[in-house]
Protein chains: 2
Amino acid sequence: MISGKAIEAARLLDRLQRLARAGELAGDLNPAQWDALRYLARANRFSRTPAALADYLASTRGTVSRTLASLEAKGYVRRAGNLRDGRSVEFTLTKKAADTLKQDPLLLVAKDIEKAAGRGLPDILESLREMLRTAIARNEGRAFGICVSCRYFRANQRMGPSPHHCALLDQPLSDADSEAICVEQEPRAA
Amino acid sequence: MISGKAIEAARLLDRLQRLARAGELAGDLNPAQWDALRYLARANRFSRTPAALADYLASTRGTVSRTLASLEAKGYVRRAGNLRDGRSVEFTLTKKAADTLKQDPLLLVAKDIEKAAGRGLPDILESLREMLRTAIARNEGRAFGICVSCRYFRANQRMGPSPHHCALLDQPLSDADSEAICVEQEPRAA
DNA sequence: CCATATAGTTTCGACTAGCAACTATTTATG
DNA sequence: CATAAATAGTTGCTAGTCGAAACTATATGG
């Protein structure tokens with residue numbers, strides 16, 4: 001029913017993950033904090049909230065709230081209220097966080113992958129994408145894909161620095177926005 | 001220097017890991033406890049110690065000691081002293097643990113992998129093996145490969161239920177032993 | 001025989017984690 | 001429009017990970 005190869009692959013993934021995790025435990029940040037910083041570095045302004053982060057991490061609002069509080073106390077993130085919705089808060093990275101992310105231990109993993117996969121990397125990548133899609137579907141999670149690939153993305157709707165448009169939130173989007181990940185993203189094709 | 005594809009692959013791996021981890025948080029066990037049970041299920045008798053487990057998990061003796069204590073309190077593992085070395089203890093799984101492992105959430109990951117990788121699975125597997133080798137080398141960790149693939153493994157040295165032999169520890173090995181993972185394993189080829 | 005190494009445990013402080021109770025909005029509905 | 005229900009976020013609780021370091025006990029090597 002489940003092949004031995006698939007089980008071995010799952011075990012390898014699990015072990016790889018443990019090693020990567022161990023690398024994230026050194027220093028001032030722990031794995032959850034690293035994941036939060038990485039997320040905030042890539043998420044658009046509609047998605048830099050505790051709730052979206054909790055969704056992304058398959059965690060809870062309570063846990064994420066504490067993680068963000070400790071990142072704030074350590075000076076990695078800044079908190080700002082949302083003018084439209086008084087309940088919501090938005091987090092942004094500080095310069096300290098941006099500098100820290102340049103030494104992201106995930107880059108070491110990427111280096112290992114590059115070294116190990118060689119010319120097979122494109123195939124591996126496609127398989128990993130498919131695995132993630134499958135896993136997300138099973139967990140009933142959100143995709144968090146990039147804005148430009150979303151069914152609600154409308155390119156070049158006007159002139160100026162934010163030429164694109166989100167048809168779901170009815171908000172203008174810059175080029176940078178369009179490359180960020182979004183909590184609301186839904187793939188274009190049905 | 002590091003390709004975008006390698007970084008994307010690392011991110012996918014990280015996210016995949018978060019989802020898998022979330023699946024391990026439900027129920028009576030947490031991710032570290034699942035990892036400990038899986039290890040004990042596969043490790044030979046020379047390797048079912050806190051120190052070996054700590055090595056395997058890239059953790060510390062202190063943490064593993066606590067993890068094993070809580071598994072013992074919950075009835076998943078049993079503790080036994082080592083007759084040769086009074087300092088050492090050996091852990092074995094209870095029936096409860098064996099039954100629990102039949103519902104291992106890692107099997108769901110394996111199912112996802114099978115579904116997503118399709119006929120590409122053998123290639124993926126080979127890449128994952130290579131990635132793990134690379135990551136282990138970088139972390140100066142032990143391989144924990146299976147006994148039969150070890151340079152110290154000697155097949156069919158005698159008659160009876162334990163025909164094989166470990167040339168490092170000078171101990172007889174059964175067929176089952178030879179398929180278990182070992183803290184001392186070193187690949188055959190130099 | 002004693003110094004040193006090794007196996008394991010324990011304590012401490014920071015933190016993740018789920019759960020549930022809680023506050024403060026916002027939105028929906030009668 | 002007033003109130004109920006939903007939503008965003010925080011906080012108290014308990015269990016447990018995690019590193020670091022102190023600690024106990026046993027082995028081993030000069």
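- Scanning atom types as modelled, one donor and one acceptor separated by under 3.5 angstrom connect the side chain of Arg87(B) and the base of dT6(C).
- Although no hydrogens or angles enter the test, the distance criterion places a donor-acceptor pair under 3.5 Å between the side chain of Arg158(A) and the main chain of His164(A).
- Between Asn82(A) and dA8(D) there is no side-chain N or O to OP1 or OP2 distance below 4.0 Å.
- Residues Arg61(A) and Asp85(B) both approach DNA chain D. Their nearest nucleotides, taken by heavy-atom distance, put Arg61(A) toward the 5′ side.
- For dG18(C), the OP1/OP2 oxygens have a side-chain nitrogen or oxygen of Thr63(A) closer than 4.0 Å.
- Below the 3.5 angstrom threshold, one finds no donor paired with an acceptor across the side chain of Arg79(A) and the base of dG9(D).
- Proximity of Thr60(A) to the phosphate of dG18(C): a side-chain N or O atom is located under 4.0 Å from OP1 or OP2.
- The phosphate of dA15(D) has neither OP1 nor OP2 within less than 4.0 Å of any side-chain N or O from Gln33(B).
- Atom CG of Leu68(A) and atom P of dT16(C) are 9 Å apart (whole Å).
- Closest to the side chain of Ser59(A), out of dG18(C), dG16(D), dG8(C), is dG18(C).
- Aromatic ring pairs are classed by plane angle as parallel below 30°, tilted from 30° to 60° and perpendicular above 60°; the pair Tyr39(B) and Phe144(B) is perpendicular.
- For the pair Val89(A) and Gly86(B), nearest-nucleotide mapping onto DNA chain D gives the more 5' position to Val89(A).
- There is a side-chain donor-acceptor pair under 3.5 Å between His165(B) and Asp170(B).
- Atom CZ in Arg66(A) sits about 8 Å away from atom P in dT11(D), given to the nearest Å.
- When each of dG8(C), dC18(D), dC15(C) is scored by its nearest atom to the side-chain atoms of Ser70(A), the top-ranked nucleotide is dC15(C).
- Across dG9(D), dC15(C), dA17(C), the shortest atom-to-atom separation from the side chain of Leu25(B) is found for dA17(C).
- Phosphate proximity of dT27(C) to Arg84(A): absent, as no side-chain N or O sits under 4.0 Å from OP1 or OP2.
- Counted by atom type alone, Asp177(A) and Ser174(A) present one or more donor-acceptor pairs between their side chains at under 3.5 Å.
- Computed from coordinates, the Leu29(B) CG to dG18(C) P distance equals 15 Å when rounded to whole Å.
- Along DNA chain C, the nucleotide nearest to Leu83(A) and the one nearest to Asn30(A) differ in position, and the one closer to the 5' end is contacted by Asn30(A).
- As rounded to whole Å, 13 Å separates atom C1' of dG9(D) from atom CD of Glu72(A).
- Side chain of Lys74(B) to main chain of Leu29(B): no donor-acceptor pair is present (N/O by atom type, distance under 3.5 Å, no hydrogens or angles).
- Between Leu71(B) atom CG and dA15(D) atom P there is a gap of 16 Å when expressed in whole angstrom units.
- At the heavy-atom level, Arg48(A) lies nowhere under 4.0 Å from the strands shown.
- For dT16(C), the OP1/OP2 oxygens have a side-chain nitrogen or oxygen of Thr67(A) closer than 4.0 Å.
- Phosphate proximity of dC18(D) to Arg21(A): present, with a side-chain N or O under 4.0 Å from OP1 or OP2.
- Within the 3.5 Å criterion, the main-chain N or O of Ala176(B) finds no donor-acceptor partner in the side chain of Glu179(B).
- Backbone-only engagement by Ser88(B) is indicated by non-hydrogen atom pairs under 4.0 Å involving sugar-phosphate atoms exclusively.
- Rounding to whole angstrom units, OH of residue Tyr76(B) and P of dG16(D) are separated by 11 Å.
- For the pair Glu24(A) CD and dA14(C) P, the computed distance is 22 Å after rounding to whole Å.
- Residue Ser65(B) has a polar side-chain atom (N or O) positioned under 4.0 Å from OP1 or OP2 of dT9(C).
- At whole-Å resolution of the value, CZ in Phe46(A) and P in dT7(D) are 20 Å apart.
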